[in-house]
*Asks:* 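Sharing a structure, written as structure tokens. Questions coming.
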There are 2 protein chains.
Amino acid sequence: MADVFKALADPTRRTILDELTDRDEQTLFEICSRLINKHGLSSSRQAISQHLEILESAGLVRTRREGRYKFHRIDTTPLDAIVTRWRPSSTTETGTGPDSVPPGNS
Amino acid sequence: MADVFKALADPTRRTILDELTDRDEQTLFEICSRLINKHGLSSSRQAISQHLEILESAGLVRTRREGRYKFHRIDTTPLDAIVTRWRPSSTTETGTGPDSVPPGNS
DNA sequence: ACGATAGGCAAGTGTTCAGTTGCATGTCAA
DNA sequence: TTGACATGCAACTGAACACTTGCCTATCGT
């Protein structure tokens, strides 16, 4: 699975996730149309397709094939690990090291 | 305030946040030393300094000047908006649009 | 079968970004 | 004041990235 953070780094990809949050199970052309009309973006179909590939390889978008249509839906489960990663551990860090020890190089 | 997502896109910056989570209120040199020793990264001091600037402009790191030392501490409050952004809205989206309407271009 | 629609593949281009290099500023101890 | 320490500023370089261009495959309706 590719980098979730790098997938979220691009504003266009975040807008795609916004669109999929607003309306799930959309095709590529549908997403393209709504990005242009609703969000004022001027991206080509190929650009959106590449963005969807990146989002899918990051686990943020899951696809479903049906005939010549390919439906995309958002999957927010990879986002949970982002916040939990930098939660402070229960070990009292700020209490152990007093401020009077500036350069504590290891 | 700069882009929080782009600040998180770089692996080195995420490791810096890991370090600040493990031990708060560190100076620039202290962070450099621990990144090299603990995390096996070979980044120069200037590179880390630029990373800290980006993290600070994104609101993820707050600084405190004291003489010639500048202490850095992590601030995880901008992370909360990431998960809440793509929470499905209470309006029943999947129920309104049946799956039998494939190309619903606006 | 034929045309139209939906999507995929791959090479090429311009920009953004991470990292380096070199020097400058400011602080502290002796 | 002198030297060592901690950090800041700015230009340059190389690589990653977003986007385009052009063509190809597959599915559906008539």
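Here is how names work: the chains are called A, B, and so on, in the same order as the sequence lines, proteins then strands, and each is numbered from 1. Model, not experiment: these values are computed from the prediction.
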*Asks:* Rounding to an integer number of Å, can you tell me how far B:Asp3 CG sits from C:dT16 P?
*Replies:*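 Computing the B:Asp3:CG to C:dT16:P distance gives 14 Å.
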
*Asks:* Among C:dG7, D:dA18, D:dA6, which nucleotide has an atom closest to any side-chain atom of A:Leu28?
*Replies:* C:dG7

*Asks:* So for B:Glu53 and D:dT7, does any side-chain atom that can act as donor or acceptor lie under 3.5 Å from a complementary atom in the base?
*Replies:* no

*Asks:* Output the rounded distance in Å from CZ (B:Phe29) to P (D:dA4).
*Replies:*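 For the pair B:Phe29 CZ and D:dA4 P, the rounded distance is 15 Å.
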
*Asks:* Can you find a donor-acceptor N/O pair under 3.5 angstrom joining the side chain of B:Gln50 to the base of C:dT20?
*Replies:*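 Answer yes: a donor N or O sits under 3.5 Å from an acceptor.
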
*Asks:* For the base of C:dG8, is there a side-chain donor-acceptor partner from A:Arg45 under 3.5 Å away?
*Replies:*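 Per atom types, the contact qualifies.
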
*Asks:* When the distance from CZ of A:Phe5 to C1' of C:dC17 is rounded to whole Å, what number comes out?
*Replies:* 19 Å

*Asks:* Just the rounded figure in Å: distance from P of C:dG19 to CZ of B:Arg13.
*Replies:* 8 Å

*Asks:* With DNA chain D as reference, determine whether A:Gly67 or A:His51 sits nearer its 5' end, using the nearest nucleotide of each.
*Replies:*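 Going by which nucleotide is closer to the 5' end, it is A:His51.
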
*Asks:* Check the distance between D:dA6's P and B:Glu25's CD and give it to me in whole angstrom.
*Replies:*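 Interatomic distance, CD of B:Glu25 to P of D:dA6: 17 Å.
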
*Asks:* Between C:dG26 atom P and B:Glu66 atom CD, what is the distance in whole Å?
*Replies:* 19 Å

*Asks:* Judged by each residue's nearest nucleotide on DNA chain D, which is more toward the 5′ side, A:Asp10 or B:His72?
*Replies:* B:His72

*Asks:* Using only atom types and a distance under 3.5 Å, with no angle test, would you say the side chain of B:Thr27 pairs donor to acceptor with the backbone of B:Glu30?
*Replies:* yes

*Asks:* Do the side-chain N or O atoms of B:Ser44 get closer than 4.0 angstrom to the phosphate oxygens (OP1, OP2) of C:dT20?
*Replies:*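 B:Ser44 to C:dT20 OP1/OP2: side-chain N or O found under 4.0 Å.
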
*Asks:* What's the closest nucleotide to the A:Ala47 side chain, out of D:dG8, C:dA18, D:dC19?
*Replies:* D:dC19

*Asks:* Quick check: any donor-acceptor pair below 3.5 Å linking the side-chain of A:Arg68 to the base of C:dT5?
*Replies:*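 Yes.
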
*Asks:* Could you give the CD1-to-C1' distance, from B:Ile48 to C:dC17, as a whole number of Å?
*Replies:*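 B:Ile48 atom CD1 is separated from C:dC17 atom C1' by 15 Å.
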
*Asks:* Just the rounded figure in Å: distance from P of C:dT5 to NZ of A:Lys70.
*Replies:*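 In whole Å, C:dT5 P and A:Lys70 NZ are 21 Å from each other.
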
*Asks:* Do B:Arg14 side-chain atoms and B:Ala9 backbone N/O form a donor-acceptor pair below 3.5 Å?
*Replies:*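 Judged by distance alone, yes, a pair lies under 3.5 Å.
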
*Asks:* For the side chain of A:Gln46, counting heavy atoms from C-beta on, which of C:dG19, D:dT20, D:dA18 is nearest?
*Replies:*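 In terms of side-chain proximity for A:Gln46, the closest of C:dG19, D:dT20, D:dA18 is D:dT20.
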
*Asks:* Can you tell whether the side chains of B:Lys38 and B:Asp18 come within less than 4.0 Å, N to carboxylate O?
*Replies:*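 No, no charged N to carboxylate O under 4.0 Å.
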
*Asks:* Under 4.0 Å from OP1 or OP2 of C:dG8: is there any side-chain N or O of A:Ser49 that close?
*Replies:*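 For C:dG8, OP1/OP2 do have a side-chain N/O of A:Ser49 under 4.0 Å.
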
*Asks:* Are there over 12 heavy-atom neighbours, none belonging to B:Arg62, within less than 6.0 Å of that residue's CZ?
*Replies:*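 No, the 6.0 Å shell around CZ holds no more than 12 heavy atoms from other groups.
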
*Asks:* Counting distance only, does the side-chain N/O of A:Arg13 pair as donor-acceptor with the main-chain N or O of A:Lys6 below 3.5 Å?
*Replies:* yes

